[in-house]
Amino acid sequence: MILGRTSELKYLNTYYDRAGSQIMVVYGERNVGKTFLLRQFTKDKSCFYYRARSASEREQRYQWRCELEKEGRKLPKYPSFTDIFSMILSDQDEKVIMIVDEFQYIVKSGDTFMKELADFVNHMPQNTSVMFLLCSSSIGWVENSMVTRIGEAAYGLSGFLKVRELDFEMMMEFFPAFSMEQSIETFAILGGVPGFWKCFDDRLGVKENICRSILNQASFLYGEGQRIGKEELREMGVYNTILASIAAGHHKLNDLYQHTGFSRAKISVYLKNLIELELVEKIFSYDTEGKANAQKGIYRISNHFVHFYFTYLYPNLSSLEQLTPGEFYNKYIEPTFRKYVAEYYKKVCRQYVEKWNRWERLPIKAERIGEWVGKLGTIDIIAQSKSGETMISICNWDKPMMRYDDYEWLLFCAEKAGIRADYIYLFSVRSFDEQLNLEANVKHNLRLISMDEM
């Protein structure tokens with residue numbers, strides 16, 4: 001079974017098993033695993049595949065016809081899309097799957113494709129059926145522009161499937177030889193993108209993988225931080241400036257204004273585009289009674305690899321060209337890498353809390369899970385039930401041991417947030433001091449969770 005995609009396969013098969021024809025949109029970021037998912041889905045089915053180009057409609061139809069001619073199918077030099085659909089289905093006795101990959105290129109070049117596709121499906125003979133899978137790596141376009149662009153043809157769409165990043169536990173299965181700590185460090189760099197995972201080797205250490213697969217100019221990931229979003233965005237110089245500013249610690253709109261020199265209105269527009277592409281996220285602090293003590297308008301780079309790139313490679317490009325990978329790692333990455341990973345350890349802990357909640361292994365049935373970002377401190381995880389029972393957590397990655405004063409600081413932040421904590425979970429990458437262990441022994445609502453226990 002394909003790793004971590006059971007629900008997606010089930011979803012596609014549910015539509016495939018339905019009577020009649022369907023038009024479905026399958027989308028997700030590059031390298032997230034769409035192509036491999038569709039290979040698994042179609043491996044025992046009759047399937048035709050076409051990868052669209054960035055070209056005119058006429059050129060698109062010509063290229064499609066050339067590909068079909070290589071399979072022995074005859075078409076006019078410049079066939080209509082209806083000619084192409086009819087030719088593919090002409091000798092098929094079973095339901096056919098037709099994949100049009102990166103279909104946004106066809107739609108953006110003209111209105112004919114979607115109109116002919118909708119008309120073709122609406123007028124198919126009753127004994128013939130086809131499942132069109134329109135695939136795209138352009139998340140922002142699909143979610144914000146596609147329906148307007150295709151007009152009435154949108155009524156003919158049967159469903160949408162967004163192929164999302166896989167979670168941390170799926171990545172651990174992919175790298176069985178990595179320790180838990182190595183897995184968290186790798187997750188902090190590559191996120192849940194299986195196409196990136198293939199670039200790392202769990203027989204090597206994390207440092208060796210970074211040097212070989214990211215800092216090496218011949219590697220695929222060397223320039224990937226700049227390629228992400230390049231097809232979607234204009235004025236990359238502006239976007240690079242904003243991303244580099246956020247990576248450098250300028251998380252509020254006014255901080256970005258002061259650092260970049262761009263107007264606040266301009267920054268807001270560009271941030272909106274980055275959010276639509278899921279490269280940046282706006283952090284909304286958990287809604288509590290302590291609103292006056294919460295920070296507002298915080299922006300964070302949400303794409304793991306883009307964050308890594310703009311934290312380490314982008315600001316040091318001159319040295320990257322001159323130093324060996326090992327020298328660059330030792331000088332620029334190693335001194336702050338542990339601090340960089342700390343934010344992603346919190347994300348891993350939250351994924352475990354969400355999983356335990358689904359499995360009903362928390363002391364409460366949480367309806368909402370989030371974080372509280374205060375002016376003085378942060379509560380990394382807040383989980384609250386429908387009746388108001390609350391669990392709070394902090395996650396220690398930086399320090400070799402979580403101490404009792406960290407626990408006291410969490411209680412102080414809870415007071416500032418106006419939260420009464422019914423349960424407290426403390427996560428630490430290694431251990432807890434003696435006073436905390438004693439406290440946990442006498443307080444039933446305090447639980448200490450080390451990385452080994454996770």
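By convention here, the first residue in the shown sequence is residue 1. Only a predicted model underlies this, so the values are computations on that prediction, with no experimental measurement involved.
Taking the six-membered ring where the residue is Trp, Y78 and Y62 present tilted rings, their angle falling between 30° and 60°. Using cut-offs of 30° and 60° for the angle between ring planes, the W356 and F427 rings count as parallel.
The six-membered or imidazole ring of F200 lies away from that of F174, with a centre-to-centre distance of 6.0 Å or more. Not less than 6.0 angstrom separates the ring centroid of F187 from the ring centroid of Y344.
Between the side chain of W64 and the main chain of F81, no donor-acceptor pair closer than 3.5 Å is present. Side-chain N or O atoms of S213 include one that pairs as donor or acceptor with a backbone N or O of C199 at under 3.5 Å. Distance alone, capped at 3.5 Å, places no donor-acceptor pair between the T378 side chain and the D380 backbone. Within the 3.5 Å criterion, the main-chain N or O of G388 finds a donor-acceptor partner in the side chain of T390. Counting only distance, with no hydrogens or angles, the side chain of K252 and the backbone of K296 share a donor-acceptor pair below 3.5 Å. A distance-only check finds a donor-acceptor pair linking the side chain of Q22 to the backbone of G20 [under 3.5 Å]. Under the 3.5 Å distance criterion, the side-chain polar atoms of S245 are left unmatched by any main-chain donor or acceptor of H250. A donor-acceptor pair under 3.5 Å is formed between the side chain of N13 and the backbone N or O of L9. Listed for the K95 side chain is no donor-acceptor partner under 3.5 Å among the backbone atoms of M131. Between the side chain of Q182 and the backbone N or O of S179 there is at least one donor-acceptor pair closer than 3.5 Å.
Minimum heavy-atom separation, I392 to A421: CD1-CB, 3.6 Å. In this structure, A417 and T288 approach most closely via the heavy-atom pair O-OG1, 2.6 Å.
Applying the side-chain contact (heavy atoms from CB on, under 4.5 Å) criterion to E165, with sequence neighbours excluded, gives E29, V32, V193. With sequence neighbours excluded, no residue satisfies ring-ring contact (aromatic ring centres under 6.0 Å, His included) with Y309. Under the rule for a salt bridge (Lys or Arg N to Asp or Glu O under 4.0 Å), the partners of K291 that lie at least two apart in sequence or sit in another chain are D287. Residues passing the side-chain contact (heavy atoms from CB on, under 4.5 Å) test with R73, sequence neighbours excluded: F48, L68, E71, M87, S90, D91, Q92. Not counting sequence neighbours, the partners of T14 by the side-chain contact (heavy atoms from CB on, under 4.5 Å) test are K10, R18. Applying the ring-ring contact (aromatic ring centres under 6.0 Å, His included) rule to F432 yields no partners; only residues at least two apart in sequence or on another chain are considered. In this structure, the side-chain contact (heavy atoms from CB on, under 4.5 Å) partners of R338, at least two apart in sequence or on a different chain, are E181, E185, W397, V429, R430. For F160, the ring-ring contact (aromatic ring centres under 6.0 Å, His included) criterion is met by no residue, not counting sequence neighbours. Judged as a ring-ring contact (aromatic ring centres under 6.0 Å, His included), and not counting sequence neighbours, W372 has no contacts.
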(message) Does M114 form a side-chain contact (heavy atoms from CB on, under 4.5 Å) with L134? I'd like the steps, not just the answer.
(response) CA-CA 10 Å; M114 289 303 299; L134 308 180; 4.0 Å; yes

(request) Decide yes or no on ring-ring contact (aromatic ring centres under 6.0 Å, His included) for Y312 and Y340, but give the supporting numbers first. (result) CA-CA 10 Å; Y312 294 114; Y340 170 85; 5.6 Å; yes

(request) Walk me through it: do F113 and F103 pass the test ring-ring contact (aromatic ring centres under 6.0 Å, His included)? (result) CA-CA 9 Å; F113 173 73; F103 81 104; 7.2 Å; no

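Salt-bridge formation is not detected for the pair K347/E343: no Lys NZ or Arg NE/NH1/NH2 atom is positioned less than 4.0 Å from an Asp or Glu carboxylate oxygen. A salt bridge links E276 to K272: one of the charged nitrogens lies within less than 4.0 Å of a carboxylate oxygen. Ion pairing between a basic and an acidic side chain is recognised when a charged N comes within 4.0 Å of a carboxylate O; E67 and R51 show no such pairing. Ion pair R53/E102 not flagged as a salt bridge, since none of the NZ, NE, NH1 or NH2 atoms sits closer than 4.0 Å to an Asp/Glu carboxylate oxygen. Of the charged side-chain nitrogens involved, at least one lies within less than 4.0 Å of a carboxylate oxygen, so that E69 and R65 count as a salt-bridged pair.
Only one option out of S136, S137, S145 pairs with Q104 in a side-chain hydrogen bond (donor to acceptor under 3.5 Å, both in side chains); it is S136.
Here side-chain hydrogen bond (donor to acceptor under 3.5 Å, both in side chains) pairs that include residues 146-156, with residues two or more places apart or in two chains, are D111-R149. Residue pairs meeting the salt bridge (Lys or Arg N to Asp or Glu O under 4.0 Å) criterion with at least one member in residues 200-209, sequence neighbours excluded: D201-R203.
In this structure, R164 places its CZ atom where only 12 or fewer heavy-atom neighbours from other residues, nucleotides or ligands lie under 6.0 Å away. A 6.0 Å sphere centred on NZ of K115 holds no more than 12 heavy atoms belonging to other residues, nucleotides or ligands.
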Solution key, residues 364-371 side-chain donor-acceptor pairs under 3.5 Å, sequence neighbours excluded:
| unit_1 | atom_1 | unit_2 | atom_2 | d |
| --- | --- | --- | --- | --- |
| R368 | NE | Y286 | OH | 3.4 |
| R368 | NH2 | Y286 | OH | 3.2 |
| E371 | OE2 | R300 | NH1 | 3.4 |

